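Atoms within each ligand, like the ligands themselves, are counted from 1 in listed order. Side-chain atoms are counted along with the backbone in the values below, which use heavy atoms only and exclude waters and symmetry mates. Small disclaimer: the values here were computed from a predicted structure and weren't measured.
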Amino acid sequence: MATVNDISKSVRRVDAVSKCEGKAKYLPDIDFRDCLWARMIRSSVPRGKIIKVNLPDLPSGYCFVDYRDIPEGGHNYLHMIATDWKCFAEDEVRYVGETIGLLVGPDRTVLADLIDRVSVDYEEQIPAVTIDEGLACKGGAFVNGNNIHCHLKIETGENADEVFKRCAKIVEETVETGFQEHIYLETNGACCCPEGDGYVIYASAQCPFYIRKSIAPLLNISPEKITVRQTVTGGAFGGKEHFPDVLCGPLLVAAHKTGKCVKMVFDREEDIENSVKRHPSKVVFKTGLDKEGNILVMDSKVYYNVGGYLSSSFVVLQRGCFHVAGCYSFPSFRSEGFGVATNTFPSCAFRGFGAPQTLFAVETHMCHLAQMQGLDPLEFKSRYFIKQGDTTSTNGKVVEKVMIPQMLEQVLKASDYRRKVKEYKIGSGRGIGISFYNHGGAFTGNGEQSLIKAHCRLHKYPDGHVEILCGQTEMGQGFHTILPKIAAHVLEIPIEKVVFEDPDTSRVPDSGPTAASRSTMIVGDLVEKAAKLMKDRYSKESEFEIETEYEHPEGYPWNQDTFQGYAYLGYGWGVCAVEVEVDPCTAEVAVKGVWSSHDGGHPVDELIVHGQVNGGVLQGIGWASTEVMENTDGHFRQTSMSDYIVPTSMDCPRQGVDLVDNPYEWGPFGAKGLGELVFNGSGAAYIDALSRAIGKKINAIPVPTEKVMEYILHGKKLGEAD
Ligand code: MTE
Ligand code: HPA
Ligand code: MOS
């Protein structure tokens, strides 16, 4: 598809050589002079009152830091989207791993020995761990008198209660998903150094400006007194969107107390046990059909396990509810979302930000509605595909052309789906499944124009170099290549002449977080605009700057109080087919093929997009299959990469990747968001394939081998009602 001058044609990744040669400096590689180390003292109980922290005698140069070290006027909270997560626990703990204090000192081995000798006395309370326990207020409610952190309701079309009255059949079904751990290659780490009358934070993080805003109130200082420098970041996947605040807050207080640089790096087990995860979910559908089996109304209750503190979860839940209609349009639709308080580690951002859970749920429910009627899921789903101009789940309209029919054709052809569906009989051990999904690009509703108001700057230097100044981060998704490429293409200069460094908040304007798949479609667009403004002056003027600011297109209203209007202006769209074979003796599942087609607008770099597809699709299959993260008593049971199993390239054959070229009106070179989309649907396709292969109905993920065996032996037949 790409022509020579087409921006889609791939270039060598800007960060490839330094990373491959081992020259890129990650946080642990940086030598901070005269630096102290910190270790976290955390709650070992899921719920209780802290009676006493017992410390061993600390050698000279070592100290303990806790909430009492926050200076007068400081506020012991992390200012995330909500402000309820404490920096240091005071008298109450709500989850295992909650920060109580830091042990700080010059020698890591001494710290390791000291930390083993710290003990905390608690008055333990009964924890609520699962969604059901949270809803039942096991041990007594600890949030809002009912353990509901947050709640919303949306509806479209005719009133659902009225429609149910005339339905010939009503189908109720529950679909559940589990925790997922990010397993970024690099674990969390940060360092805080006093400098001048402020502080400099170095962190492996997605959102430097978030950190500054979140932790400044601890010392009652303005965010500008804190400079945040992102260090080379080895993957994030949402796990470094807000979570770095949990390290940086205590480190700031420790640097304030000691007057020295204080650094903390988690090892892998510590990171898995004590970091945020994807929200476990439970979606309860009630769907009304007419006598021919057509859907008249789909109603859902969406429950997310939020954990001990709300932090970013209300926005995650909103995205969940907005995506629960999937790629479909129903005559009547209603959804109610509940963020449930439990005594688990607070759940947070993870690729898809709440959308994968409900998309998995609706795809699975649609398959089951079809199979109950003896229909092929594909034929049934096809009746309801949403199109340009149709009403969305929040009563906006779909603005862009939806290419699902073309994408579907492509995937059917590449996968030989129709032949395989006929050939692989239900329960034969082989199966092929297919899923449809989308992802609303950028922040929901008016987030871009009223919360973020992104700014971006280009600086032309006398030697012809152009520097991009913005707060976006590279975390493996390729943004250090994408953004310079956009500027270079517009300016018609070699990409080597464009400089784009890891952000330092004291040097760059705030272009908003690197999240919500917004970097290319929003910030890329600001760079394209700035470069266009720069072009005429580039050869005439020796040194100058151009700054651009986000402007929202007119005519697409959003009401954040009622959740009505245009939740997203541009969606990415996806179709994915997965083929599996199940070993009849061991129940092991082999993925035999994966074919997908994605619409992320016009691709800015085909190879980078292919990388996103390959990784995201496999990560989605992992979520649905081997990635088991159990928590029944408040402790995560899987704490290492030998018991939390993520798929590798050996677990999947080469993927068939198709990209449709559907230029997006407001994106740079027609590009829109894609980074999360690619995660959103492969889990559902995998489970569709697996359930056909074993002939059993699957309503919950993950499904590791031992669960496959259980389904084979005891599961309900596919097509049977609940
Ligand atoms: N790809 C890699 N390799 N590493 C990551 O950490 N994060 C994902 C996605 N792709 C991630 C990734 C998430 S959660 C988001 S929101 C987007 O990248 C963010 O980057 P973008 O705005 O450039 O799409
Ligand atoms: N994704 C990620 N982070 C966010 C979002 C989103 O949609 N909205 C607010 N913060
Ligand atoms: Mo991505 S979950 O928005 O960092």
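At a heavy-atom cutoff of 4.0 Å, ligand 1 is contacted by the backbone of Arg518 but not by its side chain. The proximity of Glu241 to ligand 1, defined as any non-hydrogen pair under 4.0 Å, does not occur for either the backbone or the side chain. The backbone of Arg351, and not its side chain, has at least one atom closer than 4.0 Å to an atom of ligand 3 (non-hydrogen atoms only; backbone = N, CA, C, O). Under 4.0 angstrom from ligand 3, the non-hydrogen atoms of Ala515 come from both its backbone and its side chain.
Considering Phe314, Tyr568, Phe443, Phe350 only, the shortest heavy-atom separation from atom 10 (N) of ligand 2 involves Phe443. Counting only non-hydrogen atoms, the option in Ser312, Gly352, Gly673, Ala516 that gets closest to atom 3 (O) of ligand 3 is Ala516. Of the candidates Arg351, Met475, Glu474, Met475 brings a heavy atom nearest to atom 17 (C) of ligand 1.
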Check against side-chain hydrogen bond (donor to acceptor under 3.5 Å, both in side chains), Glu400 and Trp573: CA-CA 11 Å; Glu400 76 235 64; Trp573 303 89; 3.1 Å; yes

Test side-chain hydrogen bond (donor to acceptor under 3.5 Å, both in side chains) applied to Thr473 and Gln206, step by step: CA-CA 6 Å; Thr473 53; Gln206 290 174 237; over 6 Å; no

Run the side-chain hydrogen bond (donor to acceptor under 3.5 Å, both in side chains) test on His182 and Ser275 for me, step by step, so that the C-alpha distance in whole Å, both residues' side-chain angles and the decisive distance to 0.1 Å come before the verdict. CA-CA 9 Å; His182 302 81; Ser275 68; 5.3 Å; no

Test log, rule side-chain contact (heavy atoms from CB on, under 4.5 Å), inputs Asp15 and Glu474: CA-CA 9 Å; Asp15 54 343; Glu474 171 66 66; 3.6 Å; yes

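Looking from atom 4 (O) of ligand 3 to the surrounding protein, the closest heavy atom is Gln206 NE2, 2.8 Å. For atom 1 (Mo) of ligand 3, the closest heavy atom belonging to the protein is Glu676 OE2, 3.5 Å. Given atom 11 (C) of ligand 1, the protein heavy atom at minimum distance is Phe237 CD2, 3.4 Å.
Close approach of ligand 2 to Phe353 is summarised as follows: ligand atoms under 4.0 Å from at least one heavy atom of the residue are 1 (N), 2 (C), 3 (N), 4 (C), 5 (C), 6 (C), 7 (O), 8 (N), 10 (N). Listed by atom number, the atoms of ligand 2 under 4.0 Å from Glu241 heavy atoms are 2 (C), 3 (N), 4 (C), 10 (N). Here is the list of ligand 3 atoms found below 4.0 Å of a heavy atom in Phe350: 2 (S). Taking every heavy atom of Ala516 and a limit of under 4.0 angstrom, the matching atoms of ligand 1 come to 16 (S). Listed by atom number, the atoms of ligand 3 under 4.0 Å from Gly238 heavy atoms are 2 (S), 4 (O). The atoms of ligand 1 that sit less than 4.0 Å from any heavy atom of Gly675 are 9 (C), 10 (N). Near Ser517, the atoms of ligand 1 lying under 4.0 angstrom from a non-hydrogen atom of the residue are 16 (S), 22 (O), 24 (O). Within the listing of ligand 1, atoms 1 (N), 2 (C), 3 (N), 9 (C), 10 (N), 12 (C) sit less than 4.0 angstrom from a heavy atom of Gln612. Each of the following atoms of ligand 2 lies closer than 4.0 Å to a heavy atom of Val315: 8 (N), 9 (C). Contact atoms of ligand 2 toward Ala515: 2 (C), 3 (N) (distance under 4.0 Å to a heavy atom of the residue). The distance from ligand 1 to the heavy atoms of Ser519 drops below 4.0 Å at these ligand atoms: 21 (P), 22 (O), 23 (O). When each atom of ligand 1 is checked for a heavy atom of Ala515 under 4.0 Å away, the hits are 16 (S).
The aromatic rings of Phe338 and Tyr303 sit parallel to each other, their planes meeting at less than 30°, with 60° as the upper class boundary.
Considering both main-chain and side-chain atoms, Gly238 never comes within under 3.5 Å of ligand 1 through any nitrogen or oxygen pair. Looking at ligand 2, you won't find any N or O of Glu676 less than 3.5 Å from one of its N or O atoms. The N/O atoms of Arg319, backbone and side chain alike, include one that comes under 3.5 Å of an N/O atom in ligand 2. On a distance-only criterion, Phe479 and ligand 1 share no N/O pair closer than 3.5 Å. Between Gln477 and ligand 1, at least one pair of N/O atoms sits closer than 3.5 Å.
Classification of Glu501 and Arg507 as a salt-bridged pair holds, one side-chain N sitting under 4.0 Å from a carboxylate O. Between Glu186 and Lys240 there is a salt bridge, since at least one side-chain N of the basic residue sits less than 4.0 Å from a carboxylate O of the acidic one.
Side-chain rings of His149 and Phe314 stay apart, their centers remaining 6.0 Å or farther from each other. The six-membered or imidazole ring of Trp623 lies away from that of Phe237, with a centre-to-centre distance of 6.0 Å or more.
Using a 4.5 Å heavy-atom threshold, the side chains of Met403 and His598 count as separate. Proximity of Ile621 to Val594: side-chain heavy atoms (C-beta onward) are separated by under 4.5 Å at one or more points. You'll find the side chain of Val628 stays beyond 4.5 Å of the side chain of Tyr644, heavy atoms only.
Put simply, the side chain of Tyr304 gets close to the backbone of Gly354: a donor and an acceptor are under 3.5 Å apart. In this structure, the side chain of Glu21 does not engage the main chain of Ser18 through any donor-acceptor pair within 3.5 Å.
Screening His439, Gln180, Arg278 for a side chain to side chain contact (heavy atoms under 4.5 Å, CB included) involving Pro356 leaves a single residue, Arg278. Here the rule is side chain to side chain contact (heavy atoms under 4.5 Å, CB included) with Asn305, and of Ser281, Ser313, Pro280 only Pro280 fits it.
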